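Since this is a predicted model, take the numbers as computed values, not measurements. Numbers here are sequence positions counted from 1.
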Amino acid sequence: MKNRLSELRHENKLTQQELAEKVKVTRRTIISIESGKYSPSLELAFKLADFFHLTIEKIFLYKEE
């Protein structure tokens, strides 16, 4: 699953650590999501969408493989 998390984080001038603290996860989790190695739980996806004031679909791009 592709995502725009890194792009959104940079637009908002946030470090990975700052974003992690805002949504109450570890920096490692943010790194893993941004690199596509980890798909967030539905709860975390909603937290990220809420934080950026976007829908989940505007952050996470699902493509069947």
Side-chain angles (χ1 to χ4, degrees):
M1 178 182 327
K2 295 188 178 214
N3 67 74
R4 297 180 50 227
L5 196 55
S6 178
E7 173 189 339
L8 292 167
R9 186 173 55 74
H10 283 98
E11 285 175 9
N12 287 273
K13 298 180 175 49
L14 293 167
T15 65
Q16 291 170 329
Q17 184 64 43
E18 289 168 333
L19 178 57
E21 289 171 3
K22 300 280 187 191
V23 295
K24 298 182 176 23
V25 296
T26 65
R27 179 175 169 262
R28 186 81 216 134
T29 298
I30 299 298
I31 291 168
S32 295
I33 294 169
E34 286 184 356
S35 67
K37 294 179 181 173
Y38 173 72
S39 293
S41 67
L42 188 55
E43 180 180 1
L44 179 52
F46 272 109
K47 283 182 182 180
L48 289 163
D50 186 54
F51 177 78
F52 288 111
H53 306 289
L54 296 170
T55 62
I56 289 174
E57 295 86 356
K58 296 285 185 183
I59 300 174
F60 298 96
L61 314 166
Y62 177 74
K63 284 189 177 181
E64 275 197 54
E65 299 183 26

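For the atom pair CD1 of Ile30 and CD of Gln16, the computed distance is 8.0 Å after rounding to the nearest 0.5 Å. The line from CG of Leu19 to CZ of Phe52 is 4.5 Å long, rounded to the nearest 0.5 Å. Separation of atoms CD1 (Ile59) and CE (Met1) is listed at 11.5 Å; rounding is to 0.5 Å. With rounding to the nearest 0.5 angstrom, the CG atom of Asp50 is 12.0 Å from the OG1 atom of Thr55. Here the straight-line distance linking atom CZ of Phe60 with atom CD1 of Ile33 works out to 5.5 Å at 0.5 Å rounding.
No donor-acceptor pair closer than 3.5 Å links the side chain of Asn12 to the backbone N or O of Leu14.
Pairs of residues two or more places apart, or lying in two chains, that qualify as salt bridge (Lys or Arg N to Asp or Glu O under 4.0 Å) and include a residue from residues 23-38 are Arg9-Glu34.
Considering only residues two or more places apart in sequence or on other chains, Glu18 meets the salt bridge (Lys or Arg N to Asp or Glu O under 4.0 Å) condition with none of them. Not counting sequence neighbours, the partners of Arg4 by the salt bridge (Lys or Arg N to Asp or Glu O under 4.0 Å) test are Glu7. Taking His10 as the reference, Ser6 meet the side chain to side chain donor-acceptor pair (under 3.5 Å) condition, with sequence neighbours excluded. Under the rule for a side chain to side chain donor-acceptor pair (under 3.5 Å), Ser32 has no partner lying at least two apart in sequence or in another chain.
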If you look only at distance, which donor and acceptor atoms sit under 3.5 Å apart when one is on a side chain in residues 38-48 and the other is two or more places apart or in another chain?
unit_1 : atom_1 : unit_2 : atom_2 : d
Ser41  : OG     : Leu44  : N      : 3.1

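Residues Val23 and Thr29 are not in side-chain contact: their nearest non-hydrogen atoms beyond the backbone lie 4.5 Å or more apart.
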